[in-house]
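The next block holds one structure in the form of structure tokens; read it before the comments.
Throughout, protein chains are lettered first and strands after them, A, B, ... in sequence-line order, and every chain is numbered starting at 1. Atoms considered below: every heavy atom in the structure, side chains included; atoms not considered: hydrogens, waters and symmetry mates.
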Amino acid sequence: MALSKQPYKGARDFYPSDKRLQKYMFDIWRQVCERYGYEEYDAPILEPLEIYLAKTGEEIVNEQTYVFEDRGKRKVVIRPEMTPTVSRMVAAQRQELAYPLRWYSIPNLWRYERPQRGRLREHWQLNVDLFGVEGVEAELEMISMADAMFKAFGASSDMYEIRLNSRKLVDEALASYVGLDKQEAHDVAKLIDKKAKMERGKFISAIDGALSSKSRQGGAAEKLLALLDVKNLKKLPAELAKHPSVSEIEALLNMLSNGGIKNARFDIGLMRGFDYYTDIIFEVFDKHPDNNRSMLGGGRYDGLVGLFGVPPVPTVGFGWGDVTLANFLELHRLMPELKPETDAYVALAGDIQAAAAKPVAELRQLGINLAVDFSGRKLGDQLKTASKKSIRYVLVIGESELKTGKYNLKNLQSGKEQSLSLKAVAKTLKEASQQ
RNA sequence: GUGGCUGUAGCUCAGUUGGUUAGAGCGUCGGAUUGUGGUUCCGAAGGCCGUGGGUUCGAGACCCAUCAGCCACCCCA
């Protein structure tokens with residue numbers, strides 16, 4: 001019985017061409033994070049079960065995560081998300097750290113579930129968090145960064161939309177304004193989250209089902225539906241317009257707009273993770289008709305660090321998965337043509353391996369990445385190999401080159417050939433690799 | 001976890017109501033007088049028809065199971 005060549009279900013092999021794309025995406029994430037003064041951190045892929053139980057229910061953890069017992073009988077989880085981990089790290093050094101903390105990481109995360117479009121069992125996710133800022137400028141910075149990343153990937157602002165809401169505002173609206181009790185509010189919030197996927201009629205009857213007869217008679221359903229149709233902060237009913245979150249969101253939208261980000265809007269129907277978000281939440285949606293979905297999301301979660309027995313730290317963060325990003329880049333034709341890191345492929349003409357070692361070493365010392373063909377095959381075959389590997393240049397070394405010190409450098413894209421000194425070769429290749 | 005669709009060459013697929021030795025394109029490899037690739041031309045290799053069972057004189061086609069993939073649901077960091 002032959003061994004299976006497939007990677008583990010829901011996980012991917014990264015061949016060099018795949019890894020190149022991943023590196024491209026991660027590099028842009030890193031560049032933008034660092035441009036905003038964020039520092040990279042990392043942590044073990046394994047965490048004790050308990051840190052997830054505090055936030056999620058035991059049932060969900062057991063069904064949707066990889067849990068196992070180690071040899072010391074400890075319950076261990078392969079991390080399904082980074083937020084508890086980073087909260088743990090901040091809590092552990094709460095006193096020593098210099099706030100505000102600007103941290104980011106690109107962890108691989110595992111979730112035990114059935115793979116489908118945009119969702120695998122293993123994926124990588126950019127996590128950006130800002131700890132220690134209470135004001136709305138924290139949200140502004142997060143959303144500006146996310147926007148800067150889209151721009152850095154070559155996206156234009158009509159390709160995506162930023163949506164904003166506030167958990168506090170929604171709580172207030174459902175409880176005081178519509179008049180729902182806790183259970184009703186919870187059920188209704190879940191339904192609102194699914195609204196986009198449902199037909200309107202179905203949604204209305206589902207809402208009716210979630211309400212008690214008392215609420216229904218009080219006109220809660222009508223009030224709720226009218227509220228959900230509000231597209232603009234200014235159209236909110238007077239009772240809600242006074243809520244402090246409203247002016248916060250308004251201020252945020254204004255600041256974003258002043259910063260040139262015009263594709264952000266208020267969306268009262270945005271629910272996102274009821275569990276630990278405490279105030280403003282945001283998502284970025286792909287506007288492509290084939291992929292109308294959330295690509296990244298985040299918000300304020302002021303309570304998580306406090307779960308570790310230290311005073312809480314105000315926190316805003318977001319996460320962005322590599323799979324949703326790749327889908328976005330493909331659909332919008334933003335995938336760049338990526339070349340290998342190798343600057344030139346060295347083709348040897350004749351049996352001169354030993355003699356060619358010297359110029360090759362010299363070039364490498366100058367920072368040039370070279371792959372040498374030892375095969376002894378015909379020059380044409382060596383060129384073919386370089387071409388297949390998508391390496392841009394071939395450096396030919398043979399008797400005449402060694403004698404004259406002038407090397408034949410061929411650009412495989414243009415077909416252009418030049419006879420150059422080693423230094424000139426290095427200069428040409430350096431310039432080419434920086435393009 | 002639930003449901004639907006799909007598994008034929010490395011990839012994309014064709015394969016008639018079940019009927020001889022299983023097909024194409026692309027890719028791969030070899031060649032077209034030995035220091036120049038991509039295009040072109042010639043040639044070759046490559047398949048337990050996902051796996052196991054069943055029906056049948058006969059199965060790549062039909063049935064069951066199983067595994068895998070895709071899609072939706074559930075759930076959502």
Checklist entry - Quick one: does Q382(A) reach the base of U36(B) with a side-chain donor-acceptor pair under 3.5 Å? => result no
Checklist entry - With rounding to whole Å, what would you report as the distance between A44(B) and A9(B) at their C1' atoms? => result 14 Å
Item to check | Reported CD-to-CD distance for the pair Q93(A) and E96(A), which is rounded to 0.5 angstrom | outcome: 5.5 Å
Item to check | Gap between atoms CD and C1', on Q64(A) and G1(B) respectively (whole Å) | outcome: 10 Å
Checklist entry - Are any of the side-chain nitrogens in R167(A) or D279(A) under 4.0 Å away from the carboxylate oxygens of its partner? => result no
Checklist entry - What is the base-pairing partner of U21(B), counting Watson-Crick and G-U wobble geometry with both distances under 3.5 Å? => result none
Checklist entry - How many angstroms lie between CG in L21(A) and CG in L329(A), if you round to the nearest 0.5 Å? => result 7.5 Å
Checklist outcome for this item: Re C62(B): Watson-Crick or G-U wobble partner, both distances kept under 3.5 Å, found to be G54(B)
Next on the checklist: My understanding is that a pair needs two contacts under 3.5 Å, Watson-Crick or G-U wobble. By that rule, which nucleotide pairs with G3(B)?
Outcome noted: C71(B)
Checklist entry - Hey, what do you get for CZ (F328(A)) to NZ (K287(A)), rounding to the nearest 0.5 Å? => result 11.0 Å
Item to check | Atom-pair distance (CG on D373(A); C1' on G37(B)), nearest Å | outcome: 12 Å
Item to check | Gap in Å between the two C1' atoms, one belonging to U8(B) and one to G50(B), rounded | outcome: 10 Å
Next on the checklist: Taking the side chain as everything from C-beta on, heavy atoms only, tell me whether V188(A) gets closer than 4.5 Å to L211(A).
Outcome noted: yes
Next on the checklist: Need the pair for C48(B). Rule: Watson-Crick or G-U wobble, both distances under 3.5 Å, any strand; none if unpaired.
Outcome noted: none
Checklist entry - In whole angstroms, how far is the C1' atom of G38(B) from the OH atom of Y393(A)? => result 17 Å
Checklist entry - When we call it a touch if two heavy atoms are under 4.0 Å apart, what does E113(A) touch: a base, just sugar-phosphate, or nothing? => result base
Next on the checklist: Is it the case that the base of G37(B) and the side chain of K410(A) share a donor-acceptor contact (distance under 3.5 Å, atom types as modelled)?
Outcome noted: yes
Next on the checklist: What's the gap between G54(B) and C13(B) when it is taken at their C1' atoms, as a whole Å value?
Outcome noted: 29 Å
Next on the checklist: When the C1' atoms of C49(B) and C29(B) are compared, how many Å lie between them, rounded to an integer?
Outcome noted: 24 Å
Checklist entry - When all nucleic acid strands are considered with a 4.0 Å heavy-atom cut-off, which category describes G350(A): base, sugar-phosphate, or nothing? => result nothing
Item to check | Member of D129(A), V128(A), L130(A) meeting the side chain to side chain contact (heavy atoms under 4.5 Å, CB included) criterion with Y104(A) | outcome: V128(A)
Next on the checklist: Suppose you measure atom P in G60(B) against the same atom in G52(B); what distance do you get, rounded to whole Å?
Outcome noted: 13 Å
Checklist entry - Between U36(B) atom C1' and Q413(A) atom CD, what is the distance in whole Å? => result 17 Å
Next on the checklist: At less than 4.0 Å, is any side-chain N or O atom of Q116(A) found next to OP1 or OP2 of C71(B)? Yes or no.
Outcome noted: no
Checklist entry - Which residues within residues 314-326 of chain A lie with some heavy atom under 4.0 Å of an atom in RNA chain B? => result none
Checklist entry - Can you find a donor-acceptor pair, distance only, under 3.5 Å between R119(A) side chain and C76(B) base? => result yes
Next on the checklist: What's the gap between U51(B) and G4(B) when it is taken at their C1' atoms, as a whole Å value?
Outcome noted: 22 Å
Checklist outcome for this item: Readout for nucleotides 26-35 of chain B: B = base within 4.0 Å of protein heavy atom, S = sugar-phosphate only, - = neither; 5' to 3' it is --SS--S-SB
Checklist entry - V86(A) versus Y41(A): any side-chain heavy-atom pair under 4.5 Å? => result yes
Checklist entry - Roughly, in whole Å, what's the span from CZ in R12(A) to C1' in C70(B)? => result 16 Å
Item to check | Closest-nucleotide ordering on RNA chain B, the 5'-leading residue of P115(A) and L412(A) | outcome: L412(A)
Item to check | Length of the line joining E81(A):CD and C75(B):C1', which is rounded to integer Å | outcome: 13 Å
Checklist entry - Would you call E161(A) and R163(A) a salt bridge, taking side-chain N to carboxylate O under 4.0 Å as the test? => result yes
Checklist entry - Mind checking whether L304(A) and T315(A) have side chains closer than 4.5 Å, heavy atoms only? => result no
Checklist entry - Hey, are the side chains of V316(A) and V133(A) touching, using non-hydrogen atoms and a 4.5 Å cut-off? => result no
Checklist entry - Starting at the 5' end of RNA chain B, which residue's closest nucleotide do you reach first, N411(A) or R114(A)? => result R114(A)
Next on the checklist: Taking A72(B) as the reference, what is the distance to U40(B) when you measure between their P atoms (whole Å, please)?
Outcome noted: 39 Å
Checklist entry - Any Lys/Arg nitrogen of E39(A) or R102(A) sitting under 4.0 Å from an Asp/Glu carboxylate oxygen of the other? => result no
Checklist entry - Rounded to the Å, how far apart are L191(A) CG and C74(B) P? => result 10 Å
Item to check | Atom C1', compared across G53(B) and C67(B): separation rounded to whole Å | outcome: 14 Å
Item to check | G-U wobble or Watson-Crick pairing nucleotide for U40(B) (cut-off 3.5 Å, both distances) | outcome: A32(B)
Checklist entry - Whole Å only: how far is the NZ atom of K9(A) from the C1' atom of G50(B)? => result 14 Å
Checklist entry - Please walk me through it: do W29(A) and Y38(A) pass ring pair (Phe, Tyr, Trp, His ring centres under 6.0 Å)? => result CA-CA 11 Å; W29(A) 276 343; Y38(A) 284 68; over 10 Å; no
